[in-house]
Enquirer: 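Have a look at this one.
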Amino acid sequence: MKVATYNVNGVNGRLDVLLRWLTEAEPDVVVLQELKAPDAKFPVREIEKAGYGAVWHGQKSWNGVAMLARGSEPLLTRKGLPGEHEDEQSRYIEAVIDGIVIGGLYLPNGNPYPGPKFDYKLRWFQRLHSYAAELLDLEVPVILAGDYNVMPTDLDVYKPERWKDDALFRTEVREAFRALVGQGWTDAVRALHPDERIYTFWDYFRNAYGRDAGLRLDHILLSNDLADRLVKAEVDKHVRGWEHTSDHAPVWIELAEKPVRKRRK
DNA sequence: ATGACCAGTGCAACTGGA
């Protein structure tokens, strides 16, 4: 089973790029972020034509998340995170596919630091932390994938010192990510590539992609039983080099049918 | 330190992104 996360940066504006990648990569499940479209403008017809069932949680102009399943309909279980009733930003969607609970998320950017947007990011992180713990308590296979808008360590940034006061790299935010993973999640890409510089985002400015001045922002977290089934975790970096493309590249994992590794600890 | 590039909205020139 191949599960991917992709910040498309406009699902309609870049529909050609999304469909091209779906055809090429053939993922079984995809969580999408930054739809930048209200519910009524989600391109369900084109996505179904490509062979995918879909659920989505849109919003006018900004944010927006979706989940696609190849050859089936995701069973929607949640839109939005609990804990802040007045939160109107579409940043979380959850569905069950093949017996796996899959959460697709788009964590707030949080810039500029300091300020209300940064505070909202930390609150959102705290809500995710609480809800993620509830998911683990269910003792079913769970994936939390998406654009976390955090580089977890120095290895995930082309030039760490330049980013230390940015909302994507502030100590509080890295600490929040570390605490989340510490609940018992596995960062799939890092688990299989512990020492590699791997990026998932390259700025449109300053020829960032050409210089490989990237950031690792998109992560796939696995509950323990799924971590045991992890066989591959990669970034489709070449997609960032396509014409008219998103500033993020798709990230994906391959899960075996049965456990392939021993439980750590 | 700044600005470089994008999409969306809506028709000029902003906001938000990271």
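Letters A, B, ... are given to chains in the order of the sequence lines, protein chains preceding strands, and every chain is numbered from 1.
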Enquirer: Heavy atoms under 4.0 Å, any strand shown: does A/Lys117 hit a base, just sugar-phosphate, or nothing?
Expert: sugar-phosphate
Enquirer: For B/dA18 and B/dT2, measure between their C1' atoms and round to the nearest Å.
Expert: 16 Å
Enquirer: For a quick check of understanding: with a heavy-atom distance under 4.0 Å over all strands, which category does A/Asn149 fall into, base, sugar-phosphate or nothing?
Expert: sugar-phosphate
Enquirer: Taking only the side-chain nitrogens and oxygens of A/Arg206, find out if one of them lies under 4.0 Å from OP1 or OP2 of B/dC5.
Expert: no
Enquirer: Is the gap between the ring centers of A/Phe169 and A/Trp163 under 6.0 Å?
Expert: no
Enquirer: Determine the contact category for A/Tyr209: base if any of its heavy atoms lies under 4.0 Å from a base atom, sugar-phosphate if only primed atoms, P, OP1 or OP2 are that close, otherwise nothing.
Expert: nothing
Enquirer: Taking atom types as modelled, is there a side-chain donor on A/Glu24 or A/His238 under 3.5 Å from an acceptor on the other?
Expert: yes
Enquirer: Measure the distance from CD on A/Glu161 to C1' on B/dA1 and round it to the nearest whole Å.
Expert: 15 Å
Enquirer: Below the 4.0 Å mark, does B/dG17 have OP1 or OP2 next to a side-chain nitrogen or oxygen of A/His248?
Expert: no
Enquirer: Donor-acceptor check, side chain of A/Tyr106 to backbone of A/Leu32, threshold 3.5 angstrom: yes or no?
Expert: no
Enquirer: Judged by atom type as modelled, is there a donor-acceptor pair below 3.5 Å linking the side chain of A/Thr153 to the main-chain atoms of A/Leu155?
Expert: yes
Enquirer: Quick one: does A/Asp203 reach the base of B/dA18 with a side-chain donor-acceptor pair under 3.5 Å?
Expert: no
